[in-house]
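Data block below; observations after.
Protein chains get the first letters and strands the later ones, always in sequence-line order, with residue 1 at the start of each.
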Amino acid sequence: MLPPTEGDYKASPMLDLRNVAQNFDAVVARLKTRGGNLDLGPFQALFSERGELNSSMQSLAARRNAANEEMMKKAKEDPKALDALRGDLRAVSQDIKDKQNRLNEVEQEINRILLLIPNLPHESVPVGTSADENVQVKSWGEKPNLPFTPKQHFELGEKLGMLDFERAAKVSGSRFTFYKGALARLERALVTFMIDVHTQKGYTELLPPYLVLRETMMGTGQLPKFEDDAFKTLGDPERFLIPTAEVPVTNYHADEILEGESLPIRYCAFSPCFRAEAGAAGKDTRGLIRQHQFHKVEMVKFAQPDKSLEELESMTDDACDILRRLGLHHRVMLLCTGDMGFAARKTYDIEVWLPGQNAYREISSCSDCGDFQSRRAKIRFRAQKGDKPQLVHTLNGSGLAVGRTSIAILENYQRDDGTVAIPEVLWPYMGGIKELKPL
RNA sequence: GGAGGCGUGGCCGAGCGGUUGAAGGCAGCGGUCUUGAAAACCGCAGAGGGUGCAAGCUCUCCGUAGGUUCGAAUCCUACCGCCUCCGCCA
């Protein structure tokens, strides 16, 4: 599918090589619960060839090193004897180089295979094939009792004169929007409100780059498999528009060894998100639900392996807390194996109630990625001084998708006359504006 | 974008192509001394892989990738990054 480039292989394989090799059948079986094709190809043969190459190279190198020491001594005593040894050693060196080249090929092949394999679902994740088999684990609030037929957010927004899809299409093509007036301000207010809540809980705010390198996208797992979903720039080096702040923020610590005491590290970051959504044509074509560009406040955590599951719980609750403060009814779903994202080992989706759509819609997705991303991005930590570094666990979750939060406010706080109340917690961020009225 | 300079271990900073995984210093850790601390002195102290119960043994790594060589941190090439000066710009 994707022509591999050299940059692709800087990242390590996502699954632990040895684990895959030693528990091949069990790993394959568990991965298959995600559905879709799974092709590990000639992995096992390549893995054993890699082992052979490694050990023969090592003994050759040892021989060469020993011989070189001899050379060094002889060079002082008997320079003429050098010539005789040279020929032999040249052959050994060439042999090592040949094996090294073959090893590079083999490792490239192994990586090419493993980089396309998703994370192993955690044992607490229910097996299932679609969203229908997700499990509701929590619910907060109730559906608002609106004494009229609720409108969808795009009707409300357009009637208020605050959402302009037509002009956005003129300017940028389909699936873009101009926000206008107080609704634009609401979006901005939500961002600040969310960041404030998170930072008060100890998340450190990060404002990340919106364009990243290929290897960064590899680190979190967007590449190489989902290249079609991303926008990328021309030129060298090519760069990708981030599909979520998770990408730059998780890679913030790429190639680092963190100190055990510093964990968990918690960040929150606002960013626009860009998604080509090639496969989504036809779904949610109207309105703000599915756009090429949207705003999101993201939470990212780096945790010790034995703590990541509880960090997932608290992160999910931190996302829910935003909805509670905004008074928005929602439920929390534990995703089944077939519905989880590529990098996740366990995911909770938070779904907010949208009266206009008469449906629950995802407004946050919180995932524990285990060591999947940290293996690719080489993010490690040292539990105690003197210990060997080990892979950290990474987590990420929306806190929240801002555009969808605006939608939720429009639809849940709408009135019969088309005006919309603004939740009280946002008033300070709205410069005193307490409702949306037609422009 | 143009010109020049530089990329070595947590940091600073040495390093005629061969006993350098790397001097020295600082920070860190352990110890001696001290009532305690500081100072002083002694010692330990990078990452990854293979093998082994372990101690250990061994291989690889001096921005990255190649090349030259019996041998490269040291020579060559390309790329990346950083700094300084100039230009341009929110």
Query raised in the report: Counting only heavy atoms not in A:E256, do more than 12 fall under 6.0 Å of its CD?
Result: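 Enclosed: over 12 neighbouring heavy atoms sit under 6.0 Å from CD of A:E256.
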
Requested in this report: Kindly check if the number of other-residue, nucleotide or ligand heavy atoms within 6.0 Å of NZ (A:K32) is above 12?
Outcome: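 Counting neighbours around NZ of A:K32, 12 or fewer heavy atoms of other residues, nucleotides or ligands fall under 6.0 Å, so no.
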
In the structure shown, which nucleotide is the Watson-Crick or G-U wobble counterpart of [N], with both distances under 3.5 Å?
{"N": "B:C75", "result": "B:G67"}
{"N": "B:U35", "result": "none"}
{"N": "B:G21", "result": "none"}
{"N": "B:C29", "result": "B:G43"}
{"N": "B:A14", "result": "none"}
{"N": "B:G52", "result": "none"}
{"N": "B:C62", "result": "none"}

Whole-angstrom distance between [N] and [M], as gauged at atom [atom1]:
{"N": "B:A14", "M": "B:U8", "atom1": "C1'", "answer": "10 Å"}
{"N": "B:G30", "M": "B:C83", "atom1": "C1'", "answer": "40 Å"}
{"N": "B:C86", "M": "B:G49", "atom1": "C1'", "answer": "48 Å"}
{"N": "B:G5", "M": "B:U77", "atom1": "P", "answer": "13 Å"}
{"N": "B:U58", "M": "B:G1", "atom1": "P", "answer": "49 Å"}
{"N": "B:A72", "M": "B:G15", "atom1": "C1'", "answer": "13 Å"}
{"N": "B:C62", "M": "B:G10", "atom1": "C1'", "answer": "16 Å"}
{"N": "B:G52", "M": "B:G36", "atom1": "C1'", "answer": "46 Å"}

Report task. Choose from B:U60, B:G50, B:C70 the nucleotide whose nearest atom is closest to any side-chain atom of A:A61. Result ->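 Closest nucleotide among those given: B:U60.
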
Report summary line: The nucleotide from B:U60, B:G48, B:U58 with an atom nearest the side chain of A:R64 is B:U60

Query raised in the report: How about A:Y252 and A:Y267: are their ring centres within less than 6.0 Å of each other?
Result: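 Distance test on ring centres: under 6.0 Å, yes.
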
**Report entry** A:F176/A:H292 aromatic ring centres below 6.0 Å
**Finding:**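 Aromatic pair counts; centres sit under 6.0 Å.
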
Whole-Å distance separating the [atom1] atom of [X] from the [atom2] atom of [N]:
{"X": "A:L258", "N": "B:G10", "atom1": "CG", "atom2": "P", "result": "14 Å"}
{"X": "A:K378", "N": "B:G46", "atom1": "NZ", "atom2": "P", "result": "22 Å"}
{"X": "A:I96", "N": "B:C70", "atom1": "CD1", "atom2": "C1'", "result": "11 Å"}
{"X": "A:E107", "N": "B:U60", "atom1": "CD", "atom2": "P", "result": "15 Å"}
{"X": "A:E259", "N": "B:C11", "atom1": "CD", "atom2": "C1'", "result": "14 Å"}
{"X": "A:M57", "N": "B:C61", "atom1": "CE", "atom2": "P", "result": "10 Å"}
{"X": "A:E215", "N": "B:G81", "atom1": "CD", "atom2": "P", "result": "11 Å"}
{"X": "A:I379", "N": "B:A47", "atom1": "CD1", "atom2": "P", "result": "18 Å"}

Using only side-chain N and O atoms of [X], determine if any of them is under 4.0 Å from OP1 or OP2 of [N].
{"X": "A:N65", "N": "B:C59", "answer": "yes"}
{"X": "A:K97", "N": "B:C70", "answer": "no"}
{"X": "A:R63", "N": "B:C59", "answer": "no"}

So what does [X] hit on the nucleic acid, given a heavy-atom distance under 4.0 Å: a base, only sugar-phosphate, or nothing?
{"X": "A:S93", "value": "sugar-phosphate"}
{"X": "A:R380", "value": "sugar-phosphate"}
{"X": "A:P389", "value": "sugar-phosphate"}

**Report entry** Which residue lies more 5' along RNA chain B, comparing A:I257 with A:A62 via nearest heavy atoms
**Finding:**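 Closest to the 5' end, via its nearest nucleotide, is A:I257.
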
Could you tell me whether the side chains of [X] and [Y] share a donor-acceptor contact shorter than 3.5 Å?
{"X": "A:K301", "Y": "A:S314", "value": "yes"}
{"X": "A:D349", "Y": "A:S365", "value": "yes"}
{"X": "A:S308", "Y": "A:D368", "value": "yes"}

